[in-house]
Amino acid sequence: MSSLICLSCGSQALEIVLSLGKQPLANALLTEEQLSEPEQRYPLDLAFCSACALAQITEVVSPEILFGEYNYFSSFSSTMVAHAKELADRLIVERQLGPGSLAMEVASNDGYLLQNYVAAGIPVLGIEPARNVAPAAEAKGVTTLCEFFSPSVADRLVADGQRADVLHANNVMAHVPDINGIMSGIARVLKPTGVAVIETPYVRDLVERLEFDTIYHEHLFYYSLTSLERVARRNGLSVVGVERLPIHGGSLRVFASPSPAEAGPAVDAMLEEEARLGMGTVGYFRGFAARVDMVCRSLVALVGSLKAEGRRLAAYGAAAKGSTLLNACGLGTETFEYVADRSTHKQGRYMPGVHLPIVSAERLLADGPDDVLLCTWNFADEILAQQAEFRARGGRFIIPVPEPRVV
């Protein structure tokens with residue numbers, strides 16, 4: 001029997017379905033002084049639990065190490081800002097929110113979402129553990145509690161009379177080792193008539209589109225609706241609605257109630273479809289590792305041939321998925337000159353493992369490399385539009401998944 005334990009249900013029915021070797025922490029960007037120091041690496045293995053249908057990595061790194069200081073600021077992505085505004089505006093109308101309501105967000109980052117409620121005159125509370133990110137939210141007028149959300153935090157908020165009409169949990173359910181704790185905390189802090197709106201990458205898109213670079217140590221869990229519904233139900237939440245979203249390469253948006261409630265037809269339909277596809281079994285992942293290996297081999301061959309032609313190569317997007325991609329494929333300074341990125345918080349640092357310098361996005365136009373690997377392919381439309389002049393001058397982008405191609 002496996003010695004691995006499921007972080008959700010406690011079962012030992014785990015089987016490793018993909019190994020990406022030992023990798024550095026994807027968001028542990030380096031200073032120049034750190035380049036000569038040894039980097040901590042951790043196993044990056046994806047496993048599947050046959051008992052509760054949850055895919056998960058096997059190595060848990062302390063949340064304090066991962067999130068105490070954080071380099072990702074959501075507001076640097078125009079796509080994320082627009083996505084958040086559309087959702088907030090919709091919920092304000094649908095839930096008839098007003099000055100007597102409370103909108104809450106777990107892992108609220110720099111206030112990119114809750115600022116829309118503030119603008120509408122609706123009280124908000126963000127809960128954000130990153131010490132360097134929370135002040136950016138406060139500067140937007142978003143009241144922010146700088147700590148990790150937990151059942152005890154939920155109980156303290158309830159005792160203080162702060163219960164949410166709407167609670168957002170965007171791209172956080174994958175990150176928290178104590179997933180039962182965060183789910184039960186959400187159930188406690190919601191008003192009986194409140195709703196939790198949970199967004200998380202969809203494991204179906206991960207497998208079918210070979211989005212293996214979304215696997216990194218911050219992302220412990222990779223959900224289907226089947227696995228997410230089970231952990232929600234176990235902790236006092238009823239899934240009442242679901243939508244598929246294109247953002248982040250494919251995500252689920254789940255609506256959950258703290259009171260017993262009937263699932264909507266979309267929930268039943270998706271659960272039935274997942275069962276038909278076998279997503280509740282390890283068989284769904286058969287062949288996944290071999291297909292990932294083929295993508296890596298194809299990408300290495302493509303950039304190698306471009307390099308052999310004398311073309312200058314760079315990369316775009318100093319994101320966590322870029323770290324996984326570059327380290328898994330063994331691509332670094334011998335292939336690419338630098339990684340361009342819009343975030344001023346990343347510029348001047350170096351990519352973990354491969355040590356590529358991170359420069360401003362404007363460098364592409366000023367410097368004119370021939371081909372650019374788009375590590376942040378999940379924002380391809382936004383980035384290709386931003387880089388229209390670079391492309392007009394003959395610059396090309398390489399999209400790495402589901403199969404490497406030049407655009």
Stepwise, does the side-chain contact (heavy atoms from CB on, under 4.5 Å) test hold for Asp45 with Leu18? CA-CA 6 Å; Asp45 297 331; Leu18 175 68; over 6 Å; no
Checking [X] side chain against [Y] main chain: does a donor-acceptor pair fall under 3.5 Å?
{"X": "Glu403", "Y": "Val295", "answer": "no"}
{"X": "Asn327", "Y": "Pro352", "answer": "yes"}
{"X": "Lys307", "Y": "Thr335", "answer": "yes"}
{"X": "Ser101", "Y": "Gly98", "answer": "yes"}
{"X": "Thr193", "Y": "Lys191", "answer": "no"}
{"X": "Lys346", "Y": "Ala318", "answer": "yes"}
{"X": "Thr376", "Y": "Phe379", "answer": "no"}
{"X": "Tyr223", "Y": "Met173", "answer": "yes"}
{"X": "His219", "Y": "His175", "answer": "no"}
{"X": "Ser257", "Y": "Ser259", "answer": "yes"}

Applying side-chain contact (heavy atoms from CB on, under 4.5 Å) to Val254 and Glu229, what does each step give before you reach the verdict? CA-CA 9 Å; Val254 168; Glu229 190 278 333; over 6 Å; no
Should [X] and [Y] count as side-chain neighbours, where that means a heavy-atom distance under 4.5 Å?
{"X": "Phe397", "Y": "Leu384", "answer": "yes"}
{"X": "Arg363", "Y": "Glu337", "answer": "no"}
{"X": "Pro201", "Y": "Thr214", "answer": "no"}
{"X": "Leu7", "Y": "Ile179", "answer": "no"}
{"X": "Gln162", "Y": "Leu125", "answer": "yes"}
{"X": "Leu29", "Y": "Met351", "answer": "yes"}
{"X": "Asp178", "Y": "Asn180", "answer": "yes"}
{"X": "Met104", "Y": "Val166", "answer": "no"}

Provide the closest heavy-atom pair for [X] versus [Y] in the form atom of the first, atom of the second, distance.
{"X": "Val300", "Y": "Cys329", "value": "CG2-O, 3.5 Å"}
{"X": "Leu190", "Y": "Leu167", "value": "CD2-CB, 3.8 Å"}
{"X": "Cys49", "Y": "Gln56", "value": "CB-NE2, 3.9 Å"}
{"X": "Thr31", "Y": "Gln34", "value": "N-OE1, 2.8 Å"}
{"X": "Glu262", "Y": "Val240", "value": "O-CG1, 3.8 Å"}
{"X": "Ala315", "Y": "Val372", "value": "C-CG1, 3.6 Å"}

Between the side chains of [X] and [Y], is a donor N or O closer than 3.5 angstrom to an acceptor N or O?
{"X": "Glu274", "Y": "Thr226", "answer": "yes"}
{"X": "Glu39", "Y": "His355", "answer": "yes"}
{"X": "Arg234", "Y": "Ser8", "answer": "yes"}
{"X": "Thr79", "Y": "Glu382", "answer": "yes"}
{"X": "Asp367", "Y": "Tyr338", "answer": "yes"}
{"X": "Glu218", "Y": "Asn27", "answer": "yes"}

In Å and rounded to the nearest 0.5 Å, what is the [atom1] to [atom2] distance from [X] to [Y]?
{"X": "Glu208", "Y": "Arg291", "atom1": "CD", "atom2": "CZ", "answer": "8.0 Å"}
{"X": "Arg349", "Y": "Leu35", "atom1": "CZ", "atom2": "CG", "answer": "11.0 Å"}
{"X": "Leu364", "Y": "Glu389", "atom1": "CG", "atom2": "CD", "answer": "11.5 Å"}
{"X": "Met279", "Y": "Leu271", "atom1": "CE", "atom2": "CG", "answer": "10.5 Å"}
{"X": "Ser224", "Y": "Leu54", "atom1": "OG", "atom2": "CG", "answer": "7.5 Å"}
{"X": "Arg396", "Y": "Asp371", "atom1": "CZ", "atom2": "CG", "answer": "4.0 Å"}

Taking the six-membered ring of Tyr202, is the NZ or CZ of Arg244 close enough (under 6.0 Å from the centre) and on axis enough (within 45°)? no
Going by the side chain to side chain contact (heavy atoms under 4.5 Å, CB included) test, name the single residue among Ile127, Val172, Val176 that passes it with Phe149. Ile127
Evaluate side-chain contact (heavy atoms from CB on, under 4.5 Å) for Tyr222 paired with Ile57, printing each intermediate quantity in order. CA-CA 9 Å; Tyr222 303 81; Ile57 63 170; 3.8 Å; yes
What about the rings of His168 and Tyr117, do their centers lie closer together than 6.0 Å? yes
Kindly check if the number of other-residue, nucleotide or ligand heavy atoms within 6.0 Å of [atom1] ([X]) is above 12?
{"X": "Glu86", "atom1": "CD", "result": "no"}
{"X": "Arg297", "atom1": "CZ", "result": "no"}
{"X": "Gln96", "atom1": "CD", "result": "no"}
{"X": "Asp160", "atom1": "CG", "result": "yes"}
{"X": "Glu147", "atom1": "CD", "result": "yes"}

Decide yes or no on side-chain contact (heavy atoms from CB on, under 4.5 Å) for Glu128 and Phe148, but give the supporting numbers first. CA-CA 7 Å; Glu128 170 54 52; Phe148 289 96; over 6 Å; no
Step-by-step salt bridge (Lys or Arg N to Asp or Glu O under 4.0 Å) determination, Arg41 to Glu59: CA-CA 11 Å; Arg41 291 175 178 264; Glu59 188 81 8; over 6 Å; no
Mind jotting down which residue pairs meet the ring pair (Phe, Tyr, Trp, His ring centres under 6.0 Å) criterion with at least one end in residues 33-60? Sequence neighbours excluded, please. Tyr42-His217, Phe48-Phe285
Assess whether ring pair (Phe, Tyr, Trp, His ring centres under 6.0 Å) is satisfied between Phe212 and Phe288, documenting all intermediate values. CA-CA 9 Å; Phe212 69 95; Phe288 181 51; 8.0 Å; no
List for me each residue that meets side chain to side chain contact (heavy atoms under 4.5 Å, CB included) alongside Glu309, sequence neighbours excluded, and say none if there are none. Leu306, Arg311
